[in-house]
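Just so you know, ligand 1 is whichever comes first in the structure, and atom 1 is the first atom listed for that ligand.
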Amino acid sequence: MDEETPESLEALEARVMGEIAAAADAQALEAVRVAALGKKGAVSLRMRVLGRMAPEERQRAGAALNALKERLNAALAARRAALAKAALSDRLAREWLDLTRPPRPEPRGSIHPVSQVTEEVVAIFADLGFSVAEGPEIENDFYSFDALNIPPEHPARQDFDTFYMYRTEGEAGEQRNLRPHTSPVQIRAMQAQGAPIRVIAPGRVYRCDYDLTHTPMFHQVEGLAIDRDISMAHLKWVLEEFCRAFFELDGVELRFRASHFPFTEPSAEVDIRCSWEGGQLRLGQGDDWMEILGSGMVHPKVLQAGGIDPTVYQGFAFGMGIDRIAMLKYGMPDLRAFFDSDLRWLRHYGFAPLDIPTLHGGLSR
Ligand code: PHE
């Protein structure tokens with residue numbers, strides 16, 4: 001700008017209007033406003049000299065300056081609005097969300113069928129008033145056998161194919177074993193809680209056996225209900241109720257077969273109707289039966305070993321194969337695959353980690 005010949009009002013207006021149009025963002029626009037209309041801005045400085053003018057001239061120049069100020073303010077406001085709008089569209093374009101995408105990423109892991117089925121079993125029995133009891137996997141002869149009315153010379157000891165802990169010749173202390181069933185938890189629960197009692201005890205058990213439906217480690221859930229007047233009818237009702245809820249299938253057919261266990265009298269084994277057609281395991285149809293549990297009325301000697309008076313109390317117990325009922329429900333033909341840790345198998349048969357089984361929401365969806 002030339003000091004001697006001050007910029008004409010028209011030139012000033014044209015220049016500032018140009019600067020307004022060129023301002024790239026709110027900050028640049030504010031700088032233009034301050035330079036023109038701020039306290040020491042070009043327009044404000046001209047306002048200041050009005051006082052020194054003759055009245056007529058002042059009136060004319062003042063009106064012109066005020067009109068200019070108004071036009072500049074209007075142009076500033078328009079530009080400000082345009083810049084804000086552009087900034088918003090820019091943000092919307094950048095922060096665009098594809099709502100057709102799944103709400104969260106596909107989970108990488110999955111829940112193993114044994115864990116899933118254990119949760120399902122616990123949910124059903126919790127609804128029937130059973131709480132969960134636990135015991136050690138490394139047991140001793142007392143809990144695995146003696147307390148369950150299986151004395152050392154009893155042939156049933158062989159039936160269990162028990163793994164014994166290695167002991168050197170003459171080693172002191174008790175003989176220990178990997179529990180071959182969850183029944184030891186019956187004794188431990190009775191000792192700890194007394195009667196009446198209603199518990200289930202899910203957990204790992206061990207037997208020396210290996211084929212399509214047997215692995216050396218597998219899972220059982222023990223059930224125990226003791227009170228003053230519990231009968232075989234209660235046992236049958238509970239098991240039927242359980243199977244109906246668990247298999248989520250009309251027409252699940254159970255077969256109660258008279259059997260023998262040293263720790264129950266009378267005893268019954270329960271089979272479920274299934275077919276193995278084409279290597280595919282199907283439930284509720286076919287001519288095959290798969291044994292899923294052993295059960296019976298708790299033997300008086302077992303109650304005694306648990307510290308409960310058999311003249312006052314009686315009850316039922318059962319032991320069910322968790323892996324077995326998992327195979328049946330989800331159609332998995334080979335138990336050994338459960339423990340191969342093959343990710344392809346786990347992805348195929350596994351369960352979504354956040355779908356916790358509940359009776360209300362559906363056990364398996
Ligand atoms: N413990 C038995 C088994 O493993 C099952 C069972 C439990 C039978 C309780 C009757 C009562 O074969």
Side-chain angles (χ1 to χ4, degrees), residues 118 121 125 130 132-137 139-151 154-163 177-190 197-209 213-226 230-240 242-243 254-272 289-306 308 310 313-325 335:
T118 303
V121 169
F125 281 109
F130 287 75
V132 172
E134 288 180 335
E137 288 169 32
E139 268 296 5
N140 55 33
D141 280 346
F142 176 76
Y143 286 105
S144 283
F145 301 116
D146 300 82
L148 291 162
N149 194 30
I150 315 175
H154 198 287
R157 283 221 181 177
Q158 269 88 66
D159 294 346
F160 283 106
D161 306 306
T162 309
F163 289 111
N177 56 56
L178 296 179
R179 66 180 184 190
H181 51 178
T182 42
S183 298
V185 188
Q186 283 188 35
I187 308 296
R188 291 183 180 275
M190 285 190 274
I197 185 172
R198 261 189 281 181
V199 289
I200 57 165
R204 277 188 278 263
V205 298
Y206 304 83
R207 286 184 206 178
C208 190
D209 208 350
T213 53
H214 296 88
T215 50
M217 186 283 297
F218 61 105
H219 300 81
Q220 284 188 338
V221 56
E222 194 80 8
L224 177 71
I226 309 284
I230 288 192
S231 74
M232 198 93 182
H234 295 115
L235 167 67
K236 191 156 181 278
W237 182 85
V238 164
L239 292 178
E240 281 172 349
F242 167 79
C243 286
L254 296 183
R255 178 169 83 174
F256 285 76
R257 215 169 4 89
S259 182
H260 175 264
F261 299 102
F263 31 91
T264 47
E265 181 58 38
S267 306
E269 279 178 297
V270 177
D271 307 333
I272 196 157
W289 294 91
M290 180 139 139
E291 183 201 319
I292 58 166
L293 65 89
S295 65
M297 299 304 290
V298 180
H299 195 287
K301 284 193 178 166
V302 175
L303 291 172
Q304 247 157 6
I308 289 174
Y313 290 102
Q314 73 284 142
F316 64 76
F318 59 85
M320 182 158 46
I322 291 182
D323 323 76
R324 289 287 181 89
I325 61 173
L335 176 61

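- You'll find the ring centres of Phe263 and His181 inside the 6.0 Å limit.
- Under a 4.0 Å heavy-atom criterion, Glu269 is not in contact with ligand 1.
- Rounding to the nearest 0.5 angstrom, the gap separating the CE atom in Met190 from the CD1 atom in Ile226 is 5.5 Å.
- For ligand 1 and Gln186, the ligand atoms under 4.0 Å from any heavy atom of the residue are 9 (C).
- Heavy atoms from other residues, nucleotides or ligands lying under 6.0 Å from CZ of Arg207 number more than 12.
- Contacts of Ser183 with ligand 1, taken as heavy-atom pairs under 4.0 Å, involve the side chain alone.
- Here the heavy atom of the protein found nearest to atom 7 (C) of ligand 1 is Gly319 N, 3.2 Å.
- Not a single heavy atom of Met320 sits under 4.0 Å from any atom of ligand 1.
- Contacts of His260 with ligand 1, taken as heavy-atom pairs under 4.0 Å, are absent altogether.
- One finds the CZ atom of Phe261 at 7.0 Å from the OG atom of Ser295 (value rounded to the nearest 0.5 Å).
- Between Gln220 and ligand 1, an N or O atom pair is found at a separation short of 3.5 Å.
- Every atom of ligand 1 with a heavy atom of Gly294 under 4.0 Å away is listed here by number and element: 6 (C), 7 (C), 8 (C), 10 (C), 11 (C).
- In the vicinity of Thr264, heavy-atom distances shorter than 4.0 Å reach the ligand 1 atoms 10 (C), 11 (C).
- Taking only nitrogen or oxygen atoms, main chain and side chain alike, Ser295 does not reach within less than 3.5 Å of ligand 1.
- Only side-chain heavy atoms of Phe263 come within less than 4.0 Å of ligand 1; its backbone N, CA, C and O stay farther off.
- In this structure, Phe242 and Phe125 have parallel ring planes: the angle between them is below the 30° cut-off, well short of the 60° mark.
- His299 is not listed as a side-chain neighbour of Thr264, based on a closest heavy-atom distance of 4.5 Å or more.
- Around atom CD of Glu134, no more than 12 heavy atoms belonging to other residues, nucleotides or ligands sit under 6.0 Å away.
- A salt bridge does not link Arg179 with Glu222: every distance from a Lys NZ or Arg NE/NH1/NH2 to an Asp or Glu carboxylate oxygen is 4.0 Å or more.
- Protein heavy atom closest to atom 4 (O) of ligand 1, with residue, atom name and distance, is Arg207 NH2, 2.7 Å.
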